[in-house]
There are 2 protein chains.
Amino acid sequence: MQLKSLRLFMAVAETGSFVTAANQLHTVQSNVTAHIKKLEDELGVQLIQRAGRVRPTSAGLALVEYAERMLTAHDEAVSLFKGQEKACGRLRIGAMETTTAVRLPPILAAYHAAQPDVDIQIKTGPTAELVELLLDGQVDCVFVAGRLEHSRYHLLKAFSEQLVLVGSTPMTTMPSSQELLTSAFLAFRQGCSYRQRIELLLASHGVNAGRIFEFGSLDAMLGCVAAGMGYTVLPRGTVEAHQHRFGIHTLELPSSIANVDTYFAAFEPETWTPALASFADTLRDAVVVDEPQLTAS
Amino acid sequence: MQLKSLRLFMAVAETGSFVTAANQLHTVQSNVTAHIKKLEDELGVQLIQRAGRVRPTSAGLALVEYAERMLTAHDEAVSLFKGQEKACGRLRIGAMETTTAVRLPPILAAYHAAQPDVDIQIKTGPTAELVELLLDGQVDCVFVAGRLEHSRYHLLKAFSEQLVLVGSTPMTTMPSSQELLTSAFLAFRQGCSYRQRIELLLASHGVNAGRIFEFGSLDAMLGCVAAGMGYTVLPRGTVEAHQHRFGIHTLELPSSIANVDTYFAAFEPETWTPALASFADTLRDAVVVDEPQLTAS
DNA sequence: CGTTACTATCTTTTTTTGAGATAGCCTGAC
DNA sequence: GTCAGGCTATCTCAAAAAAAGATAGTAACG
């Protein structure tokens, strides 16, 4: 059974004419006869009443319902990839907590305005988990800290973050090694790339990464920092966005530790759905606009 | 886009291997490659990730959902016609009020027991309307009084009915012409073949069919007869089935007027769905069992 | 009774498909 | 690091199928 045959069959059923159906679908009448005959042979039933008026038989009418389902699904699938202008379908994005909270909202808003027919799904997690999700096909693209090693990814530097040390009291200089040793550090759960920076920071001050508490959400973490539970390391933008809600203070870190690039990563563009391709476009536009501001600051 | 290609695509997506997919669908690997490549060309997207593991891309995963819908609809359509043993789908029957009330129930019960997966729909109406429904494709088969003229029908004598005169008082002989002239006759709405019998009966007694009231339902009609509103003519079996509920009495009519055959009519068997074919079988069996009883009585 | 329009059938040409063989590539083991 | 094994892409040839045209037969209409 071929979709082409079903298309012809539906045209005959609707127009009541083999010739008209042939013209509608840009072919000749003998082919319509042949296709319908083949359908009838396959199903072992006469589908079209030829004697007198040309109309679907009982069996034909029964087939119509299924043919409609098949052809509708087919048309939708095609419009998913070949629909002009407006993309549709689904876009699954993986991103870090910090990215999701601060960087993504304006981009998603712009994207949704441009492509209102796309369903957007966000999954958050640390970089390592996100990479797994992408590899596993559970998301279409991810925002991760640092370049991915695999060569078969499409990478785009999306955001440049500056990490700052976050604590509950005002800081002008780096806390002493003693202070660092006795303090707790708060980080996202295993796999968060910022966590590596914390360890790097501690190591540069000759302190072993001892007490690191893991958190699942940004709010919880900042709340605990504000409560004096310890320090954490976060992008400056993220902290600024939350600073009015928590009594927290920041300290600049040396650029070797502070600078973190967030990359947009997906497989090759040839594998992208139009929804994803359009998102990449939106992102590129947003980055171009953002970049000068970042370097200027 | 061909269903065959989608089948292969789904097999590749599920098994993660071109070779395995080829074996599953009894073909060779080069054909799988060709089909998927053609799909990818048509949609302008890479559907399968070949580098490293073979797995569907984002676009491939999006297609999977539509492919499933198409293939499911296809499978259901095929099983509609080629499903072994159990028929499925829908069976739309047209029948007269009297047939529906008395003759059909046991047959439908037997049919439903044999084919539980078939949805049964009954439309009732007078013979002329039923013929229209059948011609119009709104029902798959009908039970009508008398043979249909059109030659391209499949006919089966389903039931032999004996019409009786029904009135509110006990009768031993035919009411007088005077009585008939002053009485009303109750019949189904225009198109009911029994109505012709009433006119035939009146004509045979030299009375013009004057006052004929039309009813839409059997119950209403019998209720009015019982209330002394007038006479009607109905199959004996129908009356007997309702006699305990209404105070009505019957009189045998001359066989030339009394005998009415109810025929099962549908288009040629080649146009039948399995559900309809199975129903015809059930009906044939029921008729064979019933017939001796009818002739014996 | 003839005309017209429609479908079935036959034939030819073109296209597509299926299968086999082979080359290249990646993976995993030693 | 190298080699073997398995996997996919590509090429080729044969077979099958589809498309298009021509023709004949048939039902509807005037």
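What you are looking at is a predicted structure, and each value in this text was computed from that prediction instead of being measured. Chain letters run A, B, ... following the sequence lines, proteins first, then strands; residues in each count from 1.
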Evaluate the criterion side-chain contact (heavy atoms from CB on, under 4.5 Å) for residue pair B/V64 and B/M10; output intermediate values, then yes/no. CA-CA 7 Å; B/V64 161; B/M10 291 293 286; 4.1 Å; yes
Side-chain N,O (B/R50) to OP1/OP2 (D/dC7) below 4.0 Å: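 So the side chain of B/R50 is outside the cut-off, no N or O lying under 4.0 Å from OP1 or OP2 of D/dC7.
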Has B/K37 got a side-chain N or O lying under 4.0 Å from the OP1 or OP2 atom of D/dT8? no
Can you pull out every salt bridge (charged side-chain N to carboxylate O under 4.0 Å, His left out) where at least one residue sits in residues 2-18 of chain B? Sequence neighbours excluded, please. B/R7-B/D75
Going by salt bridge (charged side-chain N to carboxylate O under 4.0 Å, His left out), name the pairs with one or both residues in residues 60-74 of chain A, residues two or more places apart or in two chains.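 Found A/E65-B/R90, A/R69-B/E76.
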Tell me the closest heavy-atom pair linking [X] and [Y], and the distance in Å.
X: A/H154; Y: A/P269; result: ND1-CG, 3.6 Å
X: B/V78; Y: A/L43; result: CA-CD2, 4.5 Å
X: A/T273; Y: B/A62; result: CG2-CB, 4.1 Å
X: A/A77; Y: B/L63; result: CB-CD1, 4.0 Å
X: A/V32; Y: A/A22; result: CG2-CB, 3.5 Å

Lys/Arg-Asp/Glu bridge criterion (N-O < 4.0 Å) met for A/E214, A/R195: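 Yes.
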Rounded to whole Å, CG of B/D41 lies from P of D/dT10 at a distance of 10 Å
Terminal contacting nucleotides, 5' and 3', DNA chain C versus chain B (heavy atom, 4.0 Å):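 Range of nucleotides within reach of chain B: C/dT17 to C/dT27.
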Spell out protein contact along nucleotides 16-26 of chain D as letters: B when the base is contacted, S when just the sugar-phosphate is, - when no protein heavy atom is under 4.0 Å; keep the 5' to 3' order. --SBBB-----
Check salt bridge (Lys or Arg N to Asp or Glu O under 4.0 Å) between A/E97 and all other residues, then give those that pass, not counting sequence neighbours. none
Under the salt bridge (Lys or Arg N to Asp or Glu O under 4.0 Å) test, residues paired with A/D281 that sit two or more places apart: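 Only A/R284 meet the salt bridge (Lys or Arg N to Asp or Glu O under 4.0 Å) criterion with A/D281.
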Angle of first-five versus last-five pair axes in the helix from C/dC1-D/dG30 to C/dC30-D/dG1, to 10 degrees: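 End axes: 40° apart.
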Return the set of residues passing ring-ring contact (aromatic ring centres under 6.0 Å, His included) with B/F267 (not counting sequence neighbours), or none when no residue passes. B/Y153
Please enumerate all residues that pass ring-ring contact (aromatic ring centres under 6.0 Å, His included) together with B/Y111, with sequence neighbours excluded. B/F279
So, A/T20 and A/Q24: side-chain donor and acceptor under 3.5 Å apart, yes or no?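 A/Q24 and A/T20 do not have a side-chain donor-acceptor pair below 3.5 Å.
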Write out a two-atom table: protein N or O, nucleotide N or O from nucleotides 28-30 of chain D, distance below 3.5 Å.
none

Looking at residues at least two apart in the chain, or sitting in another chain, which of them share a side-chain contact (heavy atoms from CB on, under 4.5 Å) with B/V54? B/V12, B/F18, B/I48
Contact class for B/V54 vs. all strands (heavy atom < 4.0 Å): base, sugar-phosphate, or nothing?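 If one applies the 4.0 Å heavy-atom cut-off, B/V54 turns out to touch the sugar-phosphate alone, with no base involved.
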I need the residues from residues 9-25 of chain B with at least one non-hydrogen atom less than 4.0 Å from DNA chain D; give them sorted by number, or say none. B/S17, B/F18, B/V19
